[in-house]
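Only one structure is covered here, and it is reproduced in the block below.
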Amino acid sequence: MNADDFPTPDVDVESVDPETLKDRIDAGEDVMLLDARMQSDYEEWHIDGKNVTSINVPYFEFLEDDIDEAVLAKVPDDREVTVLCAKGGASEFVAGTLAEHGYDVNHLEDGMNGWASIYEAVEVERYDGAGTLLQYQRPSSGCLGYLLYDDGEAAIIDPLRAFTDRYLDDADDLGVGLKYALDTHIHADHISGVRDLDDEDVEGIIPEAAVDRGVTYADELTTAADGDTFQVGDATIEAVYTPGHTTGMTSYLVDDSLLATGDGLFVESVARPDLEEGDEGAPEAASMLYESLQERVLTLPDDTLVGGAHFSDAAEPADDGTYTAPIGELVAEMDALTMDEDEFVDLILSDMPPRPANYEDIIATNLGQNAVGDEEAFTLELGPNNCAASQDSLAGD
């Protein structure tokens, strides 16, 4: 059924906006969620957390005039329940039906689409280069981006197309001009915002090494080769070629303080190597990743912060709320970073999660081979990112 096809409940049902739900979860409040989407959608992607209890009861089980008592028995009647669905229509109907049966319920405004619209900016407090560095966090998918600003100028690393206006508005609020938009690689889990920002007179930058993958718009943007630098106020961003996750992967060293590693290294894991050449090319890509980590990343000073383009449910934030960690700390906690090459390759090939949803269409869009509208672009990237080599944390192993 279309969300518009669900009847309006006979009782008033309170709605909860996504930001409020996120605040409750972050505050450690016990939250009970009833996800009314189909089981396959729920299993692929749902809201989770240490203090979140989530159950899946598809909306169609509430469509009968006389609801089976076994269905009602699945729903706790001794606590508040927040019902959610994809867009908000089914959840309002289900919540209304439960309210008519005496349950204490509300529903999530705009459903999982609303959850995917949450985008938070957190200052990286341990950054000690020139200017100020913010980390953008999208909890629905674990996507991370970075906004550096200093002396009236700013740069965004790994922007999302869905939040193009947000970056421009934030720059205006900070009283700075957005000068650069840089991508670390051809992303497989979200639609890049570099081209949209370039259309807004922000200089779009993609890795020179990524062009050979079939980028159709390379002549319209600036390409970054290993060692190239970009000035933002008194801060310098240096391109550091770190292939492995993709052949074009390029990290950005932000004023010698934080390395934005894209999908090469995360605070809880390392990159998966199979999204460009599939299973057949994964072993060679894994070896390439090993060399990049050992020769380009881990040779940086131990206090250099690492900030990836994603975080997973297994990641633990730092004290400042960002998903960043010093290189020395990661080496001490992640055995994968001290293994020999054969052990490393075997490890990251052994437990890779399912590939990101719609990743082939997303890659084609980011290469410029597909043209999609804003709504389709947003829908393509819904779901988990799955860009790490393991669903579980490799830190502390």
Side-chain angles (χ1 to χ4, degrees), residues 141 143 145 156-162 164 180-200 202-228 230 239-252 260-264 271-289 291-292 296 308-310 352 354-383 385-389:
S141 63
C143 286
I156 178 76
I157 299 173
D158 285 332
L160 311 182
R161 172 173 161 179
T164 298
Y180 300 118
L182 308 96
D183 258 345
T184 54
H185 65 294
I186 302 300
H187 292 276
D189 69 300
H190 68 259
I191 307 301
S192 166
V194 164
R195 282 185 289 165
D196 291 75
L197 286 166
D198 190 77
D199 289 341
E200 299 293 335
V202 179
E203 185 175 346
I205 300 169
I206 60 172
E208 180 180 78
V211 173
D212 287 343
R213 288 191 65 182
V215 174
T216 63
Y217 51 86
D219 291 343
E220 303 168 18
L221 303 183
T222 299
T223 55
D226 185 48
D228 284 352
F230 305 90
V240 182
Y241 183 45
T242 52
H245 177 65
T246 67
T247 53
M249 175 66 68
T250 297
S251 301
Y252 295 105
T261 54
D263 289 343
R272 67 185 301 158
D274 64 329
L275 295 183
E276 183 172 340
E277 296 294 341
D279 292 338
E280 185 176 334
E284 182 180 353
S287 292
M288 192 182 303
L289 175 62
E291 293 176 6
S292 291
R296 306 307 307 275
H310 294 102
M352 287 187 292
R355 294 183 175 116
N358 305 314
Y359 80 100
E360 292 174 316
D361 289 335
I362 292 173
I363 290 173
T365 302
N366 284 331
L367 289 171
Q369 297 169 359
N370 283 354
V372 298
D374 289 344
E375 184 174 348
E376 183 180 354
F378 185 85
T379 301
L380 278 175
E381 60 192 27
L382 293 176
N385 65 75
N386 290 345
C387 285

Exercise for the section: Give, for atom NE2 of His245 and atom CG of Asp274, the distance between the pair rounded to the nearest 0.5 Å. Expected result: 8.5 Å
Exercise for the section: Quick one: pull up OH in Tyr359 and CG in Leu275 and give me the separation to the nearest 0.5 Å. Expected result: 6.5 Å
Handout entry: Heavy atoms of other groups near Gln369 CD, more than 12 under 6.0 Å
Key = yes
Exercise for the section: Measure the spacing between CG of Asn358 and CD1 of Ile363 and express it to the nearest 0.5 Å. Expected result: 11.0 Å
Handout entry: Working for side-chain contact (heavy atoms from CB on, under 4.5 Å), residues Arg161 and Asp374
Key = CA-CA 8 Å; Arg161 172 173 161 179; Asp374 289 344; 2.7 Å; yes
Exercise for the section: Report yes or no: do Thr164 and Glu200 form a side-chain donor-acceptor pair below 3.5 Å? Expected result: no
Practice task
Kindly indicate, with the supporting measurements, whether the criterion side-chain contact (heavy atoms from CB on, under 4.5 Å) is fulfilled by His310 and His190.
Solution key: CA-CA 11 Å; His310 294 102; His190 68 259; 4.2 Å; yes
Practice task
Could you tell me whether Arg272 and Asp263 make a salt bridge, using a distance below 4.0 angstrom between a side-chain N and a carboxylate O?
Solution key: no
Practice task
Please determine, by modelled atom types, if Ser192 and Asn366 share a side-chain donor-acceptor pair under 3.5 angstrom.
Solution key: no
Exercise for the section: Might you point out which heavy atoms bring Asp198 and Glu220 nearest each other, and give the distance in Å? Expected result: OD2-O, 3.9 Å
Exercise for the section: Evaluate the criterion side-chain hydrogen bond (donor to acceptor under 3.5 Å, both in side chains) for residue pair Glu381 and Ser141; output intermediate values, then yes/no. Expected result: CA-CA 8 Å; Glu381 60 192 27; Ser141 63; over 6 Å; no
Practice task
Begin with the C-alpha distance, continue with both residues' side-chain angles, and end with the deciding distance and a verdict on side-chain contact (heavy atoms from CB on, under 4.5 Å) for Tyr217 and Val211.
Solution key: CA-CA 9 Å; Tyr217 51 86; Val211 173; over 6 Å; no
Problem - Glu276 (side chain) donor-acceptor with Thr247 (main chain) under 3.5 angstrom - result: yes
Exercise for the section: State the CG-CG distance between Leu160 and Asp189, to the nearest 0.5 angstrom. Expected result: 8.5 Å
Exercise for the section: Taking the six-membered ring of Tyr241 (Phe, Tyr or Trp), confirm whether the NZ or CZ of Arg296 is under 6.0 Å from its centre and within 45° of its axis. Expected result: no
Practice task
Kindly give the heavy-atom pair with the smallest separation between Ala181 and Pro159, and that separation in Å.
Solution key: CB-CG, 4.4 Å
Exercise for the section: For side-chain contact (heavy atoms from CB on, under 4.5 Å), just list the numbers for Val194 and Leu221, CA-CA rounded to whole Å, side-chain angles, deciding distance to a tenth of an Å, and then say yes or no. Expected result: CA-CA 9 Å; Val194 164; Leu221 303 183; 3.8 Å; yes
Problem - Under the ring pair (Phe, Tyr, Trp, His ring centres under 6.0 Å) test, residues paired with Phe230 that sit two or more places apart - result: Tyr180
Problem - Candidate list Thr261, Thr242, Asp226, Thr184, test side chain to side chain donor-acceptor pair (under 3.5 Å), partner Ser251, passing option - result: Thr242
Practice task
Please report the C-alpha distance between Asp158 and His187 in whole Å, then the side-chain angles of each, then the deciding distance to 0.1 Å, and finally whether the side-chain hydrogen bond (donor to acceptor under 3.5 Å, both in side chains) criterion is met.
Solution key: CA-CA 9 Å; Asp158 285 332; His187 292 276; 2.9 Å; yes
Handout entry: Straight-line distance of Leu367 CG to Thr216 OG1, nearest 0.5 Å
Key = 7.5 Å
Practice task
Nearest 0.5 Å please: distance from the CD1 atom of Ile191 over to the OG1 atom of Thr365.
Solution key: 4.5 Å
